[in-house]
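Here is the naming used below: chain letters follow the sequence lines, and residue numbers restart at 1 for every chain.
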There are 2 protein chains.
Amino acid sequence: MTHPARRLSHRRPTIADIARRAGVSKGAVSYALNGRPGVSEETRRRILAIAAEVGWQPNSAARTLSGALCNVVGLALSRPARVLGIEPFFMALVSGLEAELHAHDYGLTLQIADGHASELAVYRRWWAERRVDGVLVCDLRVDDPRVPVLEELGLPAVVIGGPGHTGDLTSVWADDSAPLTETVEYLYALGHRRIAHVAGLSELLHTRVRTAAFHEVTSRLGLSDAITLSSDYTGEAGARITRRLLSSPNRPTAIVYDNDIMAVAGLSVAQELRVDVPGELSIVAWDDSPLCRLTHPALTALGRDIPAYGALAARRLLDVISGAAPAAHRDAPAELTIRGSTGAPDAKRATR
Amino acid sequence: MTHPARRLSHRRPTIADIARRAGVSKGAVSYALNGRPGVSEETRRRILAIAAEVGWQPNSAARTLSGALCNVVGLALSRPARVLGIEPFFMALVSGLEAELHAHDYGLTLQIADGHASELAVYRRWWAERRVDGVLVCDLRVDDPRVPVLEELGLPAVVIGGPGHTGDLTSVWADDSAPLTETVEYLYALGHRRIAHVAGLSELLHTRVRTAAFHEVTSRLGLSDAITLSSDYTGEAGARITRRLLSSPNRPTAIVYDNDIMAVAGLSVAQELRVDVPGELSIVAWDDSPLCRLTHPALTALGRDIPAYGALAARRLLDVISGAAPAAHRDAPAELTIRGSTGAPDAKRATR
DNA sequence: GCAGCCTACTGAACCGGGTAAGCACCCGGT
DNA sequence: ACCGGGTGCTTACCCGGTTCAGTAGGCTGC
């Protein structure tokens, strides 16, 4: 690349400087600073004192070059920026990742890619240039093409998602099936018989899992009017689908949305159409972010501790990097928090 | 650190391997791969062909060690995770940064700190360990303590915010004064005489700028009831303050919120209190994210192209890294988009 | 009294690139 | 015939750590 005029400020001290001042060799300094045997306690203390005095910090490039890890992990996201921007999920995940990585002196590098192909190119480059020790993979799909490539590269990775479809890679996942079933049963108990499910991107594994669970429970309960509609997680899609659902004959009395953004948009459409929530329509959001408490009525939501999920993923990735065998780690499932957006359907108004 | 069993996969090819296969020296390979003079066209082609064939990629640590830049910039954020999570601003900024950095083969490392002290510690470490070539600084404060430290470190930096208070650091900023003035004048023209401003964190420079502009325009227009209240950008704070404002005697007929989250919360409180929007209360949000279009009515908002702002910041940081002199770069100001949440105050209902 | 061993260190190689200096070789001019 | 000056390449060393194979010196044991 180019070679800009580099401001020299003050040249950083190196172990050679420390060695000179301590009157020992570079090797001795290295042993002392890394807490390894090979120097006397007294010499070690002297070297550490000098290092502290001159403000020495190891040059990460030099360390990495001589075989060490680079203490960085990568996260590449393929969703378009406009979705990433509003979904609180990712920032919450990142903050959890970050906290755990930071505690282990690891850094996080972030890259926003546009599609699986460019995401895979990012992984290849990161690994070839030795820029990361491992990566975190989000938005797992059914038969995800990234899995075999990562396996072949030998790049340590943790897949955030499951169950299954992760090959021999380590994964971190939560069961979405039981919470969805519980939610539908709760709506059924309230008296709802026409329930709709506004799902996320249909190629994502967890969309499949939730959709399957929805079909299973609704057919078990004999709800023939149950319907699942796919979307792309945006508010626009949520609004559009809700408008369609609410203007259909035999409209649903309850809708379960696969993320909070769509649920908020759905609530707003209901208000626009003067459909009372929860009197005529109950709304449940998947992902319980502060957003769900901002609306009126506040949204009943399926929430999980996302930062903790991120922290778990980070911890498992560090394990994989230090040689742990692949495993699937199950996190706590989402829990339903009841708020004002759900209730018994108002018999007079909802029926027609 | 520890030395884990590293999976060797296949040893990455180095320039020495290429040199051997091409029957030339390492030096010649380096010249060829970097497009520098010193090798014949024919040899260069042969070397490039071999490099492509074996899939050679430069080892970033080796490059960095021999004096090159590391092609990474850092972003440390000090806001608590729960705020970062819902504010679409940061992800939008990051996506703009990312796009521009990626185009110049630069990576982004992200760190969430808890407070200025630990943020500064992050900068020091990044710089001492040569992990970044420069940093981006957000949430500029009045007399920000980070500025002198960064200047002293000699760490290339671009401050996102202003005007002023950036010392000799390069900055990227947008004028918030004119848009706020324009907004108040618009509300005045609609007939509003009691206008409130729900500001963000009072120590942030842009909060000061907006608050000053609000005072200036309201006193110029002779609005004695104008009031500014500070908050922390969370929905809870926005709701609390709105509740207080709306239940006061002589309640405002229009409120300008310093972010979209608070505006959404404010709208929801108005609905809860059966205050008609925009009939009895007009609402304007600063930051026009998709969130503003999700509510009913949709929010009139002051919006800017945040990804473009991020891209500008990234571009300027790359300039600084390659030796450009410090400068303050002004970005386009926010523009007011009128939607359903503002209108003329309904004389009968709003007066009392 | 000296082999044997441990401790505490030194010296040098190594990681994988970049680069300055040196050196053949060829060509053209006088 | 000889010098000058470019090509086109090699050699050697640098960056700042880690690490391995010595080695000097002291202590122990018989």
Problem set entry | A:L65, nearest nucleotide to its side chain (from C:dC15, D:dT10, D:dT19) | C:dC15

Exercise. Do you know which two heavy atoms are closest between A:A22 and A:I47, and how far apart they sit?
Worked result: CB-CG1, 4.2 Å

For this session: Would you classify A:S30 as touching base, sugar-phosphate or nothing, given that sugar-phosphate means primed atoms plus P, OP1 and OP2, and contacts are heavy atoms under 4.0 Å?
Result: base

For this session: Output yes when at least one side-chain N/O atom of B:R44 is less than 4.0 Å from OP1 or OP2 of D:dG8, else no.
Result: no

For this session: Quickly work out the A:I47 CD1 to C:dT10 C1' distance and round it to whole Å.
Result: 12 Å

Seminar exercise, completed: Separation of D:dG8 atom P from B:N34 atom CG, nearest Å, is 18 Å

Exercise. Of the nucleotides C:dG18, D:dT11, D:dT18, which one has an atom closest to the side chain of A:I15?
Worked result: D:dT18

Problem set entry | Given DNA chain D, 5'-ward residue of the pair A:A61 and B:E41, judged by closest heavy atom | B:E41

Problem set entry | Side-chain donor/acceptor of A:K26 to base of C:dG11, under 3.5 Å | no

For this session: Tell me what A:T14 touches on the nucleic acid: a base, only sugar-phosphate, or nothing, going by heavy atoms under 4.0 Å.
Result: sugar-phosphate

Exercise. Taking OP1 and OP2 of D:dG8, is either one under 4.0 Å from a side-chain nitrogen or oxygen of B:T43?
Worked result: no

Exercise. With a cut-off of under 6.0 Å to the ring centre and 45° to the axis, is B:R131 in cation-pi contact with B:W127?
Worked result: no

Exercise. Between A:H165 (side chain) and A:D143 (backbone), is there a donor-acceptor pair under 3.5 Å?
Worked result: yes

Exercise. Between B:N59 and C:dC15, does any side-chain N or O lie under 4.0 Å from OP1 or OP2?
Worked result: no

Problem set entry | Salt bridge present between B:R45 and B:E42 (N-O < 4.0 angstrom) | no

Exercise. So what is the end-to-end bend of the helix from C:dG1-D:dC30 to C:dT30-D:dA1, with 5 pairs used at each end and the value given to 10 degrees?
Worked result: 60°

Seminar exercise, completed: From CG of A:L33 across to P of D:dG17 the rounded distance in Å is 9 Å

Problem set entry | 5' precedence on DNA chain C between A:A62 and B:A28 (nearest-nucleotide basis) | A:A62

For this session: Taking only the side-chain nitrogens and oxygens of B:R63, find out if one of them lies under 4.0 Å from OP1 or OP2 of C:dG18.
Result: yes

Seminar exercise, completed: Of the listed D:dC9, D:dT19, C:dG17, the closest approach to the B:S40 side chain comes from D:dC9

For this session: Indicate yes or no for a side-chain donor-acceptor contact from A:S30 to the backbone of A:K26 under 3.5 Å, with no hydrogens or angles considered.
Result: no

Problem set entry | Residue A:Y31, side-chain heavy atoms: nucleotide from C:dG17, D:dT19, D:dG16 that is nearest | D:dT19

Exercise. Does the distance from a Lys or Arg side-chain N to an Asp or Glu carboxylate O, for B:E129 and A:R63, drop under 4.0 Å?
Worked result: no

For this session: Answer yes or no: is there an ion pair linking B:R125 with A:D105, defined by an N-O contact shorter than 4.0 Å?
Result: yes

Exercise. So, A:R79 and A:E87, do they make that salt bridge, N to O below 4.0 Å?
Worked result: yes

Exercise. Looking only at side-chain N and O atoms, does B:S66 come under 4.0 Å of OP1 or OP2 in C:dG16?
Worked result: no

For this session: Look at the side-chain N and O atoms of B:W56 and state whether any lies under 4.0 Å from the OP1 or OP2 oxygen of C:dG16.
Result: no

Exercise. Side-chain N or O of B:S25 less than 4.0 angstrom from OP1 or OP2 on D:dT10?
Worked result: yes

